[in-house]
Structure formats: structure tokens, C-alpha cells
Amino acid sequence: MKQDKKKYNPQAIEKKWAKRWVEEKTFSPDLEKAKNPYYALFMFPYPSAEGLHIGNFYAFTCVDVMAKYKKLRGFDVFEPVGWDAFGIHSENYALKIGETPGKMLERTIANFSEQIKSAGLSCDWEKEINTTSPEYYKWTQWIFIQLFARGLAYQKESYLNWCPSCKTVLADEQIEGGTCERCKSAPEKRKMKQWFFKITAYAERLLEGLEKMDWSEITKSAQRNWIGKSEGANIKFKVVDSVEEFEIFTTRPDTLFGCTYCVLSPEHDLTQKIVSKEQRLKVEEYIKKAGAKSDLERKENKEKTGVFSGAYAINPVNQEKVPIWIADYVLAGYGFGAIMAVPAHDERDWEFAQKFNLPIKYVILLDDKKKRMLDDRNKENADSWILQLDKNEKKWWWKENYCYTEDGALFNSGGYNGLSSQEARKKIVQWLEKNNLGKKETNYKLRDWCISRQRYWGPPIPIIYCEKCGTVAVPEKDLPVKLPELEIGWEPSGDGRGPLAKVENFMATNCPKCGGKAQREADVTDNFLDSAWYFFRYISSMNKEKIFDEKLAKKWFPIDLYVGGNEHAVLHLMYTRFITMAFHDLGLIDFDDPFKKFRANGMILKDGKKMSKSKGNVINPEEYREKVGYDALKSYILFLGPLGEDRSFSDRGILGTKNWAEKVYNLLEKVKDTEEKKAVLQKLHKTIQGVEMDMKNQKYNTAIAKLMEMTNLLTKEEKISKSVFEKFVIISAVFLPALAEEIWERLGHNESIFDQKWPEYDSSLASEEKIELVVQINGKVRDKIIADADVNEEIAKKLAITSAKIEKYIIGKDIKKIIFVKGKLINLVVK
RNA sequence: GCCGAAGUGGCGGAAUUGGUAGACGCACACGACUCAAAAUCGUGCGGGAGCAAUCCCAUGAGAGUUCGAGUCUCUCCUUCGGCACCA
């Protein structure tokens, strides 16, 4: 019986402390008075009915260990928690189980919060938020009207992604690999009038900001690709025998002389105006067909199609007359939806010209090196080059049947012949600008954020349509526009309007300007808007006057550490940056980017495979609490490898951290009144130093390894002094919080271990007195000699050449050179 | 195709950033305890040669720089992530 009491019982210990931490508000800082703020944030969860999963657990823990470490280092740590509960995800699930989302969430949030509370995280439950509460979404709507007032929220009609299953439009960011991010069905193209946020106005700032931020490279690169900056020029083309003209965007103005035709997208405004009588029927038929194609069809079938418009344009640089074609390989949404085609030096134009027998004109010469490179790539055609000798330099161009996009030297280009592509780009654009025929321009792939959703479960868009006054924002004093609590009729209708459109007492209102009868907007905002600003609300979750307190924001922002899944790289993370920049421009804050440091946590694989319900290899955290306890589970996840990489979880492997926790627990018995051995003290101080360094670099895995080493050393000791053990327990508390807290109490302390000070290491103890001096001959290790740590070159040399093992390598040879690395090695270069 | 990250024992991964490759853990083997098993503790554990001391090979492949390369440079291969008819 007594035996049992002494046994490590993680479940009981963890339960006890998790409860006490919440009750005693151990981790609730005073935001106003805090002197040394540290804001640690994990992506707030969507409270799914399945409950906490291992991915949540991983991301939360990555933040949590840093929070605990910083708290021990004397910071006022704020690690808030809340619920991202609006949105299609919740609503679809509610539809599936036939319950209203509101009722369902009451239950799932209660469950989820119990789970997080029992996980022993240092969350501040005082500041909990929920995006579906009117106190929260009042401010989501407030953001909308602020952006509306500044022209950053606007309505426009355009072709949008319509998800037939979710029955709503989606933002471009929510189409992943051509399908709906939520339900994986193929979206249709629909022309609709919708609300947009002008994120494109921030394209350059979003891109530039990336340079300064401490974010995972993988995330930054995803954002860069999504923003898709390209520099080039706009060029005007006049239409022959017409007053019309159109502009094109190109990144290769140096190839302007090689333009042999132009292409307009089927949606281009000009097509109707310029089409010739003979071609009209064909053109109209083509436009109709192209319009019916979904993005997915386009993606799958990249075969070029198109039709001649019957009209011609004038190349501004050489007055050549070139045909204008209509083709859907030119996209309406990018640039002007019109291009100059240079088939010799653009692969898409090349393909099109081949198919429709359009002329090809080479204007770029390549040097020998580039020619050889292309020859290697394209061996079967390697004999079609034409040689041109230019100032004794060999230059080449292709005779036929090939297209190359490399930069080179210009020819067939009038006064620009001989210039490099780079120079020619500058000169040609200068000439165009001087003659008002074009200008330098930068384009981005990023498009404005469509935020209307034809759904029920979101904040209603705070807009009123008045016959007299037009589109009017709901005044701030009337916020929030409450989402009516519907028992029935909240399902998406699919008719292009949100279900609120049918709720008469919601829709009917008065115009805030003229007081006359008016209608509300029936759509709600995108769920990603709720989550684009939640971290601002945490610091003022109770504030009724303001979205957040500016003084507190100044103190607590930018956020010190943010961790979450990289699947949000271009969704959530881009939107948060945009909203933060907008806040900056509203004068609310003085910074542009909300997260100083972001780390993407990788995925957890089970035995090397992706987890999925169908495979039955899903890791349920609660199951492992039963088996090994949360302290061991969390440590194991972190121990598996460096942050940001995928990691393979195995049932056997987890025993490693379980054993570790148990060993630490068992050390308690050895605490005696005793003098500490020097070797133990040295290891302790080295461990403190090492853990500090690893935490600084967020190398949790090696920090744990160092603590394990210390544990192994202590396990071998008969007696451990209390002072050494206490220090060791404090530094272990970062990874084994409940266990450490329990030990701390048993050592006779009343206050929480997390209110203790991190022990300072003594650098004289942390560094070695004796080292193993490595002796190399010509860079190969030949001997290791124990020497004083501060041994100098002279003595090291003596030690080396008098070593018996070294003798045979230097006998009869000259020592040409000696390389000495202090505290490490001496290398004798002999011949 | 373009951009980014990565490739080290049977496995997850270390390596103070150019200085002892394989820390720590898992698995495995042997030993101690036990009537026995589990648990625990101890020892070993990249490959090859040798009784041994020791020597050779080895960080995806190949070259290079260097006294010295897992780390830097170039070329190539593979895997993963992002973008993709974006002019």
C-alpha cells in the first residue's frame, strides 16, 4: 500500500495542478501593471465536436513551454485562449447533425475548454473570447465600417468562386488546388456583386514586411508566391482604323519588336467594339464557350484555344500591324486582361502561334554559354541555330521550331540592336514614357479579399441599402447588428443570397441617414475576418468602449511568439497582416506587422504516415494521458525533433519521455542533507546554461535531451542535495510542469514553482576545467590528450609531440604548420 | 516550369555554425536481480579488417576551396511544401 503512494501517478498529479492553476490564476497577468510583458499566442481553435486533437496539442505546447520558460525568467507572460466559433466549418457540422450552430457550440466549447484546462497549459482564462458573442462581433463589424469609410471595403461585380456544396462565394485564398478549402468540391464561376476588402492596396507593404520578420522561411515563401510581384511595363496599342486603344502588361518590354500579334481575354471590354463583321459570330460563340468553362476545366485542359477578332493593332515601337486574337489563355483578372504576344520568346505564345500558324520573329540573340545550356536541354533540335558574328563574339538565334525565354542581346530591334535585355528594358520603357505610349509598372497576383458569404453563421455585414441614400454603413452606435437566433430557415439557400434575406424583421430597417425605409445586407462576413484580429481583442476582452485599449496595445504588441499550422500561411496569416496594417493606417497602433516571430509547427505523423480516421491511426491525446500522462506526452512531441518539421509519433518511442518523468519523480527519495559533489554541480550549471541557449533558439528537443542527461547523472547518485535538486526541478518545470509543481510542493513549498526565479548559472562551474585536447595530423584525429581548458599553443604543442601515439606520424618529417584552436584541438601539418 | 525547405546509424534525431560525426531517446543484444516473467539497473550498439593495440571507409552523388567540410562553392539526383496559361 505504502509502495503505491510513492509511485509516480501522472494522471492524479496533472489533474490536481491543472485545476489549481486555473483556480488560483497562476497564469493570469495584470495587463496594466505588467512591467516585462511577453505575449505568447497559439492559433485559437475552432471548437470541433471531436475535441482537442494532437495537432492542437502540438501547437499549443510549442507556445506553452516558451511561456512557462519566460515566466520563470521573470516575464509577465500572457497566453490567452479563445474560440474561433463562427464560420462554415461549425455551420456545416451543425447542418449534418441537425442542430443549430449556437446550441451545438455551447456543448462543444464546454468540452473543448475542459480538455484544454486539463492539459496543464499556462492559459489566462480571465480573458477568454468567443467570436460568436455579440460583444466580440460588434467589433468585427466595426472593422468593416472603418474600412468602408476609407474605401477599403467596397462592392463590385465580378466572376467569383461559388462553392455549390457550401452554397456561398469564397475568396481566392480559400480555393486550394482548385477545390473548396472546406469541403473539397469544385467551385463554379459565377458573376456576382459582392463585398471586397482592398488587400491589394497593401500588396507592396505585405511583401516588404516579410523581409524584416522572424518567420519560418517556408511561410514567407508561400506568401511571396501568393502576392506574386512582377515588374514590367504597361504598353498602349492602337487599334487600326479605329479610335480605340488598349493597354497590355509585359515583363519583357525588351521583346517588343518580336510581338507578332496581340491577345485579349474573352471578358475584355474591347472585344465587342473591335470585332469585324465577318468574325463576329465566331467570336461570340467562342466567348460563350470560354465563359462556361470552370477554372478546373481550364486547369485540366491547357490546350490553347482562341479566335481571330478580325481587327489589327499597331505595335507602337515599329508601327507594325499585328492581328488581335481573343483567347482564354489570357486571364481577365491579371494586368489588363490583354497581352502582346512574342511567340519566339514566350512559351505560351509559342504554343498558340504554332497552333494557329501565326508568324514568329526572333529578337533575342544568345551567347555561346546559354546556347550550350539550351542544347543540353533540347538535344534533338540542337542543330537549328543560326550563327551571327558580332564584334568577334559568337551570338546565336534559333531558325525554327523552338522558343527560348532567356535574356540576351537584342537584334531585329531597330535602334536597340546590340543592347542587353536588361538595358533594352530600361531604354524601351523610357522611350515609351517619353512618347506617352506606356510606362513602368508593377503587377501582383494578389487579388482583393472577397468577404461576403451567403451563409447564416457569421457576423451580418453592417450595411443598409436605402433607395434614396444608396449604400450606407450602420453607424457605430447601432452596432452590433445582431445575428437573429433562428431555429429554422438558417440553412444556406443556394440562390445567391444569405438565409437572412428571408428573415423579414431582420431585413427591414430604417436608413440611418434619412430615416426612410431601407433593407439590410443579407450576407455575413467571412470567418477569416473573425480570426484576422482576435489577438487584439484579447488584451481588452471586457472593454465596451473600444475595440482595444491603445495603451495596452503599445505595451503588449507586437506579439512575441505565434505558433500554428502552416496551412494558414496565405489565409489567416495574410489577413492578419492586412488588418494590422489597416489598424496602423487608422491610427490605432504604430506597427505594421502583428507577430514578431512566427513558427509553423509541422505535422504529426503516426509511424511515418499521415493520420486519418479511415486509416484508424488517429492519435487521441486523452488516450495517451491514460497511458503516460500529459507531461510525458507533451515532452515527447517536442522531443521528437526540431520545431517546424513533420514528426513521426510512435507508441514505443513515447516510453522514453515517460521513463524520464518517472526517473525525475524517483529522484525525490534521494534528496538528503548532503554536500553536493563538484561533478554534479558542474553538470547542473552546464545544464542551466545549455537549456537557456536552446530555449533562446527554440530547440526544445535538445533542451529536453540536456535535462535527460542531468537526470541520468542524478539517478546514479546516492544522495542529492536539496539546493541542487530544487534548481534542477525549476528548469525541468518548463517541460514537466505538473510533475515539477508536485515535487516542489513535496519539498515543502507553498507558492507555485512558476513564481520562482530561474536559477542563474555560474559560468566558472558551467565551463570545463579539463578538456580532451584533440591532436590531429594533417586534419585527421590521431590522439586525444587530457589538458587544462586554458592550455596555450606552446604547451599543447609540447603535449602533442611528446605523445606516444603521435610519435610515429612525425618521426622523420617536418612540421610545416601548426593550427591551434583554443580549448579544442591542435593540428600538426607534416610532410 | 518557377520559388522555398530538406536529405546524417535499424528508427526519431544531435553536432557550440569550418574543428573529435552519431548527443539524447527508441529498437536491438548481453549481463545483474528473479523459481520465472515484467519492471528496474548495468554494458554494448554506423560499416569493414584484426586476438588486440589500431587502421580503413562513412553525413543523397560527383567535383572544388581548406591544415581540416555534415557544415562553404559549383553541378546533378531524390523527397516535401507553395505558385502555376499571372504575360
Side-chain angles (χ1 to χ4, degrees), chain A residues 176-177 216-230 232 248-252 255 263 298-299 301-304 327-331 333-342 346-349 351-352 405 443-447 566-567 569-570 600 602-603 605 607-608 635-636 639-642 644-657 659-660 662-663 666 689-690 693-694 697 699 701-709 711-712 715-716 772-784 805 816-821 823-830:
Chain A
E176 284 174 356
S216 328
E217 195 49 45
I218 191 172
T219 315
K220 287 196 200 182
S221 131
Q223 290 210 352
R224 265 185 223 115
N225 285 332
W226 187 260
I227 295 167
K229 179 178 182 172
S230 50
I248 61 100
F249 172 74
T250 179
T251 53
R252 294 293 302 274
T255 63
V263 186
R298 272 199 190 194
K299 212 164 241 173
N301 186 10
K302 284 190 180 171
E303 176 86 22
K304 297 276 180 299
D328 69 358
Y329 83 91
V330 173
L331 306 174
Y334 185 76
F336 298 98
I339 61 156
M340 69 173 197
V342 184
D346 181 285
E347 279 174 29
R348 296 148 301 181
D349 299 342
E351 238 180 84
F352 192 79
T405 56
N443 253 302
Y444 302 88
K445 283 194 261 187
L446 182 70
R447 294 189 211 172
N566 204 47
E567 68 272 18
V570 292
M603 253 190 318
L605 310 172
D607 304 315
S635 298
Y636 178 60
F639 183 63
L640 273 174
E645 281 168 31
D646 292 350
R647 50 202 54 208
S648 184
F649 186 105
S650 83
D651 284 356
R652 277 181 180 170
I654 197 169
L655 295 175
T657 48
N659 288 344
W660 174 48
E662 209 163 300
K663 276 187 194 173
N666 291 336
Q689 186 188 29
M693 222 170 63
D694 286 341
N697 300 318
K699 295 172 78 173
N701 53 337
T702 51
I704 292 171
K706 288 181 175 103
L707 290 168
M708 284 175 168
E709 279 184 55
T711 308
N712 291 343
T715 303
K716 285 182 186 137
E772 228 180 5
L773 182 74
V774 171
V775 184
Q776 294 184 337
I777 303 294
N778 293 339
K780 290 200 170 186
V781 181
R782 295 303 180 186
D783 196 12
K784 295 166 189 176
K805 283 181 189 166
K816 293 267 179 201
K817 199 173 167 187
I818 293 176
I819 289 107
F820 177 70
V821 182
K824 286 245 165 67
L825 63 78
I826 183 163
N827 183 13
L828 309 177
V829 184
V830 302

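The sequence lines fix the lettering, A, B, ..., with proteins before strands; numbering per chain opens at 1.
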Decide yes or no for [X] and [Y]: does some side-chain heavy atom of the first lie under 4.5 Å from some side-chain heavy atom of the second?
X: A:V830; Y: A:N778; value: yes
X: A:T702; Y: A:N697; value: no
X: A:V342; Y: A:R252; value: no
X: A:M708; Y: A:F639; value: yes
X: A:I654; Y: A:T657; value: yes

Reckon [X] has a side-chain N or O less than 4.0 Å from the OP1 or OP2 of [N]?
X: A:K445; N: B:A84; answer: no
X: A:S230; N: B:A87; answer: yes
X: A:Y334; N: B:A87; answer: yes
X: A:R782; N: B:C55; answer: yes
X: A:K817; N: B:C67; answer: yes
X: A:N827; N: B:U20; answer: no
X: A:K699; N: B:U17; answer: no
X: A:N659; N: B:C26; answer: yes

Taking the same atom, [atom1], in [N] and in [M], what whole-Å distance lies between them?
N: B:G46; M: B:C83; atom1: C1'; value: 40 Å
N: B:U54; M: B:G4; atom1: C1'; value: 47 Å
N: B:C30; M: B:G64; atom1: P; value: 46 Å
N: B:G9; M: B:G60; atom1: C1'; value: 15 Å
N: B:A15; M: B:G22; atom1: C1'; value: 8 Å
N: B:G25; M: B:G42; atom1: P; value: 11 Å
N: B:G70; M: B:A58; atom1: P; value: 10 Å
N: B:G68; M: B:C57; atom1: P; value: 14 Å

Just how far, in rounded Å, is [atom2] of [N] from [atom1] of [X]?
X: A:Q776; N: B:C67; atom1: CD; atom2: P; value: 13 Å
X: A:D646; N: B:C11; atom1: CG; atom2: P; value: 18 Å
X: A:K784; N: B:U20; atom1: NZ; atom2: C1'; value: 5 Å
X: A:L655; N: B:C28; atom1: CG; atom2: P; value: 11 Å
X: A:F639; N: B:C24; atom1: CZ; atom2: P; value: 10 Å
X: A:I227; N: B:C3; atom1: CD1; atom2: C1'; value: 13 Å
X: A:Y636; N: B:G13; atom1: OH; atom2: P; value: 10 Å
X: A:I704; N: B:G12; atom1: CD1; atom2: C1'; value: 13 Å

When you get a sec, tell me which of [options] is the closest nucleotide to the side chain of [X]?
X: A:N225; options: B:A87, B:C3, B:C26; result: B:C3
X: A:I819; options: B:A15, B:A87, B:C67; result: B:C67
X: A:N712; options: B:A87, B:G25, B:U20; result: B:G25
X: A:L640; options: B:G81, B:G12, B:C85; result: B:G12
X: A:M708; options: B:G19, B:A87, B:G25; result: B:G25
X: A:A222; options: B:C56, B:G82, B:A87; result: B:G82
X: A:E709; options: B:C57, B:U16, B:A23; result: B:A23
X: A:K663; options: B:C41, B:A14, B:C24; result: B:C41

What nucleic acid atoms does [X] come within less than 4.0 Å of, heavy atoms only: base, sugar-phosphate, or nothing?
X: A:V330; value: base
X: A:K805; value: sugar-phosphate
X: A:E351; value: nothing
X: A:E217; value: sugar-phosphate
X: A:S648; value: nothing
X: A:W660; value: nothing

Could you please name the partner base of [N], counting Watson-Crick and G-U wobble pairs only when both distances are under 3.5 Å?
N: B:G4; result: B:C80
N: B:A52; result: none
N: B:A29; result: B:U43
N: B:C24; result: B:G12
N: B:G68; result: none
N: B:C35; result: none
N: B:A87; result: none
N: B:A63; result: B:U73

(request) Using a 90° cut-off around 0 for syn, call B:G9 syn or anti. (result) syn
(message) Apply the syn/anti split at 90° from 0 to B:U17 and say which one it is.
(response) syn
(message) Between A:T219 and A:N566, is there a side-chain donor-acceptor contact under 3.5 Å, judged purely by atom types and distance?
(response)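 The criterion, which ignores hydrogens and geometry beyond distance, is satisfied for A:T219 and A:N566.
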(message) Hydrogens and angles aside, do A:N712 and A:K663 bring a side-chain donor and acceptor to less than 3.5 Å of each other?
(response) yes
(request) Please tell me which of A:V781 and A:N566 maps to the more 5' nucleotide of RNA chain B, matching each residue to the nucleotide holding its nearest heavy atom. (result)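 In this pair, the answer is A:V781.
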(message) Return whichever of A:N701 or A:D328 has its heavy-atom-nearest nucleotide of RNA chain B closer to the 5' end.
(response)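 Result of the comparison: A:N701.
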(request) Search all heavy atoms of A:T251 against all heavy atoms of A:S230 and return the closest pair with its distance. (result)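 In terms of heavy atoms, the two residues are closest at CG2-CB, 3.9 Å.
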(request) Considering non-hydrogen atoms only, spot the tightest contact between A:Y334 and A:F249 and give its length. (result)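 Heavy atoms of A:Y334 and A:F249 come nearest at OH-CE2, 3.9 Å.
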(request) Determine whether any donor atom in the side chain of A:K706 lies under 3.5 Å from an acceptor atom in the base of B:C24, or the reverse, and answer yes or no. (result)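 Flag unset: no donor-acceptor pair detected.
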(request) Would you kindly check whether a donor in the side chain of A:E347 faces an acceptor in the base of B:G1, or vice versa, at under 3.5 angstrom? (result) no
(message) Check the orientation of A:Y636 and A:F649. Use parallel for under 30°, tilted for 30 to 60°, and perpendicular for over 60°.
(response)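 A:Y636 vs A:F649 ring planes: perpendicular.
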